[in-house]
S.K.: 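The structure's right below; bear with me while I get my questions together.
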Amino acid sequence: LSTDVLSSVGVLIGLFIVNLTGWHVLDPIVAMVMALLICKVAWDLVARSVADLLDVKLSDEQERVIRDLLEKHKGKLVSNEIVRSRRSGNVKFVDLNLVACRHDSLVEAHQIADHLEERIAEEMPRTIVHSHIEPCDLSDVKCPRCKDRSQEENQVLEILKKHKDR
């Protein structure tokens, strides 16, 4: 609607200037400017419509919301990452990769994932979250429990080796 008003006002101003000055060369120039304006508005409209029909990446602001939520739960997980985020129509999809300590129970890891999925859905309505949980590597230096445990296991192995050598 605003484009119609703007183009109509532009044409009226162009006609007024042509009639006032008698410079008929202005008529096609004003027409070209109006045609460019209409083409630009049409392009923006098509781009918005196509974006709604196709999958597009979530905005940086929306991903920041997800990253902030993941950061708040950093102590409960070894690591996490957004594998993929997209919007299709008015529905958002988020795929997460969560790494939990291998010494946590499956129930604990699943509860953390469920909690994260719920929090993201609360912050961003109409969001479907899929999370993949995997255990950390035994040698993962990011996991404090495994790091401490591997040091303890190495001490036990050293003691067993000493007893074996006797």
S.K.: The test is side-chain contact (heavy atoms from CB on, under 4.5 Å); show your working for Ile82 and Leu70 and say whether it passes.
M.R.: CA-CA 9 Å; Ile82 301 173; Leu70 290 173; 4.0 Å; yes

S.K.: Looking only at side chains, do His115 and Glu117 share a donor and an acceptor under 3.5 Å apart?
M.R.: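 There is no such pair between these side chains.
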
S.K.: Is Leu96 reachable from Val83 through a run of hydrophobic residues whose side-chain heavy atoms are each under 4.5 Å from the next?
M.R.: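 As far as the 4.5 Å side-chain criterion goes, Leu96 and Val83 are not connected within one cluster.
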
S.K.: Tell me if a side-chain donor or acceptor on Glu63 pairs with a main-chain N or O of Asp60 at a distance below 3.5 Å.
M.R.: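 Not confirmed, Glu63 side chain does not pair with Asp60 backbone.
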
S.K.: Hey, what do you get for CG (Asp68) to CD1 (Ile120), rounding to the nearest 0.5 Å?
M.R.: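 Going from the CG atom of Asp68 to the CD1 atom of Ile120 covers 11.0 Å.
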
S.K.: Distance-only, no hydrogens or angles: does the Lys92 side chain make a donor-acceptor pair with backbone N or O of Pro125 under 3.5 Å?
M.R.: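 Confirmed, Lys92 side chain pairs with Pro125 backbone.
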
S.K.: Partners of Lys76 by side chain to side chain contact (heavy atoms under 4.5 Å, CB included), sequence neighbours excluded?
M.R.: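 By the side chain to side chain contact (heavy atoms under 4.5 Å, CB included) rule, Lys76 matches His73, Ile112.
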
S.K.: Using atom types as modelled and distance alone, determine if a side-chain donor or acceptor of Arg86 lies under 3.5 Å from a backbone N or O of Lys57.
M.R.: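 Pair absent, no side-chain N/O of Arg86 close to backbone of Lys57.
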
S.K.: Within this structure, what is the NE2-CG distance for the pair His110 and Leu98, rounded to the nearest 0.5 Å?
M.R.: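 Interatomic distance, His110 NE2 to Leu98 CG, rounded to 0.5 Å: 10.5 Å.
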
S.K.: Does Arg87 use its side chain to pair, donor to acceptor, with the backbone of Gly89 at less than 3.5 Å?
M.R.: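 Such a contact is found between Arg87 side chain and Gly89 backbone.
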
S.K.: In terms of hydrophobic clustering (I, L, V, M, F, W, Y; side-chain heavy atoms under 4.5 Å; direct or indirect links), are Val9 and Ile17 co-clustered?
M.R.: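 Yes, same cluster.
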
S.K.: Please report the interatomic distance CG(Leu116) to CD(Gln111), rounded to the nearest 0.5 Å.
M.R.: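 So the gap between those two atoms works out to 12.5 Å.
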
S.K.: Is there a continuous path of hydrophobic side-chain contacts, each under 4.5 Å between heavy atoms, that joins Val30 to Leu12?
M.R.: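 No: no chain of side-chain contacts under 4.5 Å links Val30 to Leu12.
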
S.K.: Look up atom CG in Leu45 and atom CD1 in Ile38, then write down how far apart they are to the nearest 0.5 Å.
M.R.: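 Between Leu45 CG and Ile38 CD1, I get 13.0 Å after rounding to 0.5 Å.
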
S.K.: Please lay out, stage by stage, how Asp95 and His132 fare under the test side-chain contact (heavy atoms from CB on, under 4.5 Å).
M.R.: CA-CA 8 Å; Asp95 295 336; His132 172 73; over 6 Å; no

S.K.: Would you indicate whether Lys40, at its atom NZ, is surrounded by more than 12 heavy atoms from other residues, nucleotides or ligands within a distance under 6.0 Å?
M.R.: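 No, not enclosed.
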
S.K.: Show the numbers, then the answer: is there a side-chain contact (heavy atoms from CB on, under 4.5 Å) between Val99 and Asn80?
M.R.: CA-CA 6 Å; Val99 179; Asn80 56 62; over 6 Å; no

S.K.: How many angstroms lie between NE2 in His130 and CZ in Arg84, if you round to the nearest 0.5 Å?
M.R.: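 Taking NE2 in His130 and CZ in Arg84, the distance rounds to 9.5 Å.
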
S.K.: What are the two closest heavy atoms between Arg102 and Pro135, and how far apart are they?
M.R.: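 Closest pair (atom of Arg102, atom of Pro135, distance): CB-CB, 3.8 Å.
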
S.K.: Just verifying a value: how many Å separate Ser88 OG and Phe93 CZ, rounded to the nearest 0.5 Å?
M.R.: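 Answer for the OG-CZ pair, Ser88 versus Phe93, is 5.5 Å.
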
S.K.: Does Leu58 belong to the same Ile/Leu/Val/Met/Phe/Trp/Tyr cluster as Leu54, with side-chain heavy atoms less than 4.5 Å apart forming each link?
M.R.: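 No; Leu54 is not reachable from Leu58 via cluster members.
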
S.K.: Does Arg119 come within less than 4.0 Å of Glu123, counting only side-chain N to carboxylate O?
M.R.: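 Between Glu123 and Arg119 there is a salt bridge, with a charged N closer than 4.0 Å to a carboxylate O.
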
S.K.: For the residue pair Val65 and Met124, establish whether any side-chain heavy-atom pair is separated by less than 4.5 Å.
M.R.: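 Heavy-atom side-chain distance check passes, below 4.5 Å.
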
S.K.: If you take all heavy atoms of Ala109 and Ile133, which pair is closest and at what distance?
M.R.: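 Taking Ala109 first and Ile133 second, the nearest heavy atoms are O-CD1, 3.5 Å.
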
S.K.: Run the side-chain contact (heavy atoms from CB on, under 4.5 Å) test on Val46 and Ser49 for me, step by step, so that the C-alpha distance in whole Å, both residues' side-chain angles and the decisive distance to 0.1 Å come before the verdict.
M.R.: CA-CA 5 Å; Val46 168; Ser49 298; 5.7 Å; no

S.K.: Give the minimum heavy-atom separation between Val78 and Cys101, together with the two atoms involved.
M.R.: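 Smallest heavy-atom distance, with atoms named: CG2-N, 3.6 Å.
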
S.K.: Answer yes if Val94 and Leu69 sit in the same cluster of Ile, Leu, Val, Met, Phe, Trp and Tyr residues linked by side chain heavy atoms under 4.5 Å apart, and no otherwise.
M.R.: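 Both belong to a single hydrophobic cluster.
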
S.K.: Quick one: salt bridge (Lys or Arg N to Asp or Glu O under 4.0 Å) partners of Glu61, sequence neighbours excluded?
M.R.: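 Checked Glu61 against salt bridge (Lys or Arg N to Asp or Glu O under 4.0 Å); zero matches.
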
